[in-house]
Colleague: 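One structure is given below, represented as structure tokens, and several questions about it will come after.
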Amino acid sequence: MRFSSFLLKLLTAFAVLTVTGCAGAGVGENSAFAKSSRKAQALAALERPNLAPKDLFAPRQPKRQVRSLAVVGDSLSIGLASELEKSLGSKPGLGFASLGKVSSGLARPDFFDWDRNLDTLARRYRPDAVVIMLGTNDNKPLRFEGGAQIPYATPEWDKAYTARVKRMVEIVRAHNPSAMVFWMGAPVMADDDLNHDLKHINALIRKTMASFDDCHYVDTWPLFSTAGGGFAFSKPDLAGGAPLRARDGVHLTTAGAQTLAGHCQAVLETRITWAPPAPGNVPLADTGV
């Protein structure tokens, strides 16, 4: 009887040690995996959804005074700019400029050259903060002068596209080295294939913004998606349940643009205090394409 009791205790202890040993092995494997391949880590981080923008909401960063704001981008940015201008109109002396081009992106400079047009705007107004919303139209080959192209969904495309995103920041800061950049990610779309592409493009932009000081990626995906991350034409907790998206499953209604602008302004104000213009400064004029 005593032997049976002793044997039972021995088997129980062995089982506990075995389970503990397995748990420890799991941690060891994870640690080894984490250190084994920087490339694997980078790829995993690139595809991981809902990465928080780097330091975007960190209270340790003091807010900066902004006297001028520019909003640029594709058709989704046009409604965003319009609603932001309305909501920020009460800020005393805040300069505001916008530049929007329907169907534009970074993939087709032959259609609309964002390098050239952003340079013109940044040189003229030297904004303290710039909101960019581009990417929705970029799931296509990258075109270059002379007709050369890089196919979409290739490592070469990722590298070249990342360079174009960086170039946008460099253009802004060539005319105002301390300018902050807020890049609005593309929202969820009704088309699943487009969503697959946009998740990848958003991830590239997010990673690129994190490589600059005071440049931030603003995630809009949860704003317009269901609890499961799917497309939502409307949400009961936003705009009183009014339609947020147009019938094409891409563009925003007025309520959707107001929702996006409210989200954008809330993010901006985690980093910005709106300062009156310095004496002699000329307020920005609204521009558009």
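Sequential numbering from 1 along the given sequence is applied to the chain's residues. Below, each value reflects all heavy atoms present in this structure, side chains not excepted, and no hydrogens, waters or symmetry copies. What you are looking at is a predicted structure, and each value in this text was computed from that prediction instead of being measured.
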Colleague: Only pairs at least two apart or in different chains count here, so list each ring-ring contact (aromatic ring centres under 6.0 Å, His included) that has a residue in residues 228-270.
Modeller: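 Applying ring-ring contact (aromatic ring centres under 6.0 Å, His included) to every pair that reaches into residues 228-270, excluding sequence neighbours, yields Phe231-Phe233.
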Colleague: Determine whether the side chains of Asn139 and His196 contain a donor N or O and an acceptor N or O closer than 3.5 Å.
Modeller: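 No donor-acceptor contact under 3.5 Å links the two side chains.
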Colleague: Taking side chain as C-beta onward, heavy atoms only, is Trp221 less than 4.5 Å from Lys199?
Modeller: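 Counting from C-beta outward, Trp221 and Lys199 do come under 4.5 Å.
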Colleague: Tell me, please, which residues at least two apart from Asp214 pass side-chain hydrogen bond (donor to acceptor under 3.5 Å, both in side chains).
Modeller: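 Residues passing side-chain hydrogen bond (donor to acceptor under 3.5 Å, both in side chains) with Asp214: Arg64, His216, Arg271.
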Colleague: According to the interplanar angle, ranging from 0 to 90°, do the rings of Phe112 and Trp114 count as parallel (below 30°), tilted (30 to 60°) or perpendicular (above 60°)?
Modeller: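 Perpendicular: the ring planes of Phe112 and Trp114 meet at over 60°.
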Colleague: Atom CD1 of Ile132 and atom CG of Asp74: how far apart are they, to the nearest 0.5 Å?
Modeller: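 So the CD1 of Ile132 and the CG of Asp74 are separated by 11.5 Å.
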Colleague: Is the Lys NZ or Arg CZ of Arg108 less than 6.0 Å from the centre of Tyr152's six-membered ring, within 45° of the axis?
Modeller: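 Cation-pi check for Arg108 and Tyr152: fails.
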Colleague: With side chains defined as the heavy atoms from C-beta onward, is the minimum distance between Met133 and Cys264 less than 4.5 Å?
Modeller: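 A side-chain contact is absent here, since even the closest heavy-atom pair is not under 4.5 Å.
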Colleague: Step through the shown structure and confirm whether more than 12 heavy atoms of other residues, nucleotides or ligands are within 6.0 Å of NZ on Lys166.
Modeller: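 Count not over threshold, so no.
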Colleague: Would you mind reporting whether Met168 and Leu106 have side-chain heavy atoms less than 4.5 Å apart?
Modeller: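 The answer is yes, as the side chains (C-beta and beyond) meet within the 4.5 Å cut-off.
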Colleague: With a 3.5 Å distance limit and no angle check, can you tell me whether Asp119 reaches the backbone of Ile171 through a side-chain donor-acceptor pair?
Modeller: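 Flag not set: sc Asp119 to bb Ile171 has no pair under 3.5 Å.
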Colleague: Please determine whether a side-chain nitrogen of the Lys or Arg among Lys159 and Glu156 lies less than 4.0 Å from a carboxylate oxygen of the Asp or Glu.
Modeller: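 Looking at Glu156 together with Lys159, the answer is no, because their closest N to O distance does not fall below 4.0 Å.
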